[in-house]
Amino acid sequence: MLETLRIEQSGVPIYIQIRDQVLRAIGAGTIKPGERMPTMRQVAVALRIDLNTVRHAYDALARTGVITIQPARGTFVAQKPPLDDLSTQVERLNDLAHRTIASARSNGLNPIEVAQRIIAIEQEKDTRK
């Protein structure tokens with residue numbers, strides 16, 4: 001995964017770029033549940049950025065339950081999403097939907113077309129199983 005990380009001069013904060021690239025890699029199945037992630041230091045050295053920027057990205061991923069940071073052992077892709085009560089799930093779903101809409105619009109894309117593409121990608125994954 002380390003070799004696929006890239007930083008673009010797009011105005012998007014670097015920690016968000018890292019977070020989003022990790023999320024894409026997990027969503028695409030490039031990195032799988034239980035798999036060990038590169039250390040924060042490895043990412044910082046590879047991208048030539050400050051360690052605290054990587055820490056910020058990893059902390060954001062950990063807060064959402066996508067990765068688990070185990071002191072003295074490493075960082076791993078979460079085995080399964082954390083179980084939340086219904087109201088928390090709705091809140092997280094709404095937050096993700098709003099961020100996706102904002103991201104689509106800021107990239108000049110129609111959010112409805114993005115939603116349709118998400119559905120198509122998931123259906124393609126289901127047919128490959």
Side-chain angles (χ1 to χ4, degrees):
M1 182 201 88
L2 193 56
E3 59 280 347
T4 64
L5 292 175
R6 301 281 181 263
I7 301 302
E8 298 176 5
Q9 301 302 319
S10 61
V12 175
I14 293 172
Y15 85 94
I16 291 176
Q17 292 184 46
I18 294 169
R19 181 200 66 193
D20 291 350
Q21 288 176 48
V22 170
L23 287 171
R24 278 194 295 276
I26 293 170
T30 305
I31 46 179
K32 301 188 181 339
E35 189 172 323
R36 185 183 199 118
M37 300 277 296
T39 67
M40 292 180 214
R41 185 169 306 285
Q42 288 172 320
V43 174
V45 169
L47 297 176
R48 296 185 181 119
I49 59 173
D50 187 77
L51 179 62
N52 286 323
T53 302
V54 181
R55 185 181 324 278
H56 194 55
Y58 273 41
D59 286 346
L61 290 163
R63 275 192 307 276
T64 60
V66 173
I67 64 171
T68 58
I69 300 172
Q70 302 172 9
R73 290 201 60 228
T75 302
F76 300 85
V77 177
Q79 289 289 350
K80 54 185 172 184
L83 297 175
D84 291 327
D85 61 42
L86 185 57
S87 65
T88 303
Q89 282 182 337
V90 168
E91 183 179 316
R92 288 179 61 209
L93 181 61
N94 285 338
D95 180 54
L96 178 60
H98 287 291
R99 283 187 286 132
T100 303
I101 290 167
S103 180
R105 287 187 176 143
S106 70
N107 284 289
L109 300 170
N110 179 335
I112 293 172
E113 290 175 0
V114 171
Q116 290 168 339
R117 184 66 186 132
I118 290 169
I119 292 167
I121 289 169
E122 277 300 301
Q123 288 173 341
E124 288 171 11
K125 281 175 54 178
D126 288 343
T127 60
R128 282 187 258 146
K129 288 182 181 179

Which side-chain N or O atoms in residues 26-38 pair as donor and acceptor under 3.5 Å with protein atoms at least two apart or in another chain?
unit_1: K32; atom_1: NZ; unit_2: G29; atom_2: O; d: 2.5
unit_1: E35; atom_1: OE1; unit_2: K32; atom_2: N; d: 3.2
unit_1: R36; atom_1: NH1; unit_2: R73; atom_2: O; d: 3.2
unit_1: R36; atom_1: NH2; unit_2: R73; atom_2: O; d: 2.3

Using residues 44-57 as the side-chain source, report each donor-acceptor pair under 3.5 Å to any protein atom, sequence neighbours left out, with the distance given to one decimal.
unit_1: D50; atom_1: OD2; unit_2: N52; atom_2: N; d: 2.9

Cut-off 3.5 Å, no hydrogens considered: what does the side-chain donor-acceptor table look like for residues 5-16, sequence neighbours left out?
unit_1: R6; atom_1: NH1; unit_2: E3; atom_2: O; d: 2.9
unit_1: R6; atom_1: NH2; unit_2: E3; atom_2: O; d: 3.2
unit_1: S10; atom_1: OG; unit_2: V12; atom_2: N; d: 3.4

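P111 and A104 make their closest contact through CA-CB, 4.1 Å (heavy atoms, listed as atom of the first residue, atom of the second, distance).
Every salt bridge (charged side-chain N to carboxylate O under 4.0 Å, His left out) that D95 has, sequence neighbours left out, goes to R99. I112 pairs by the side-chain contact (heavy atoms from CB on, under 4.5 Å) definition with N110, Q116, not counting sequence neighbours.
In this structure, V77 and V22 have side chains that are not in contact, with every pair of non-hydrogen atoms separated by 4.5 Å or more. Contact of the F76 side chain with the I67 side chain is not registered, since no non-hydrogen atoms from C-beta on lie closer than 4.5 Å.
The salt bridge (Lys or Arg N to Asp or Glu O under 4.0 Å) pairs that include a residue from residues 104-117 are R117-E124, where partners are two or more places apart or lie in different chains.
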Begin from the C-alpha positions of T75 and T68 and carry the test side-chain contact (heavy atoms from CB on, under 4.5 Å) through to its verdict. CA-CA 6 Å; T75 302; T68 58; over 6 Å; no
With side-chain contact (heavy atoms from CB on, under 4.5 Å) as the test, would you mind laying out the steps for Q42 and L2 before giving the verdict? CA-CA 8 Å; Q42 288 172 320; L2 193 56; 4.2 Å; yes
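Each of N107, I101, T100 was evaluated against S103; a single residue qualifies, N107, per the side chain to side chain contact (heavy atoms under 4.5 Å, CB included) test.
Checked by atom type and distance alone, the side chain of E122 never pairs as donor or acceptor with a backbone atom of I119 at under 3.5 Å.
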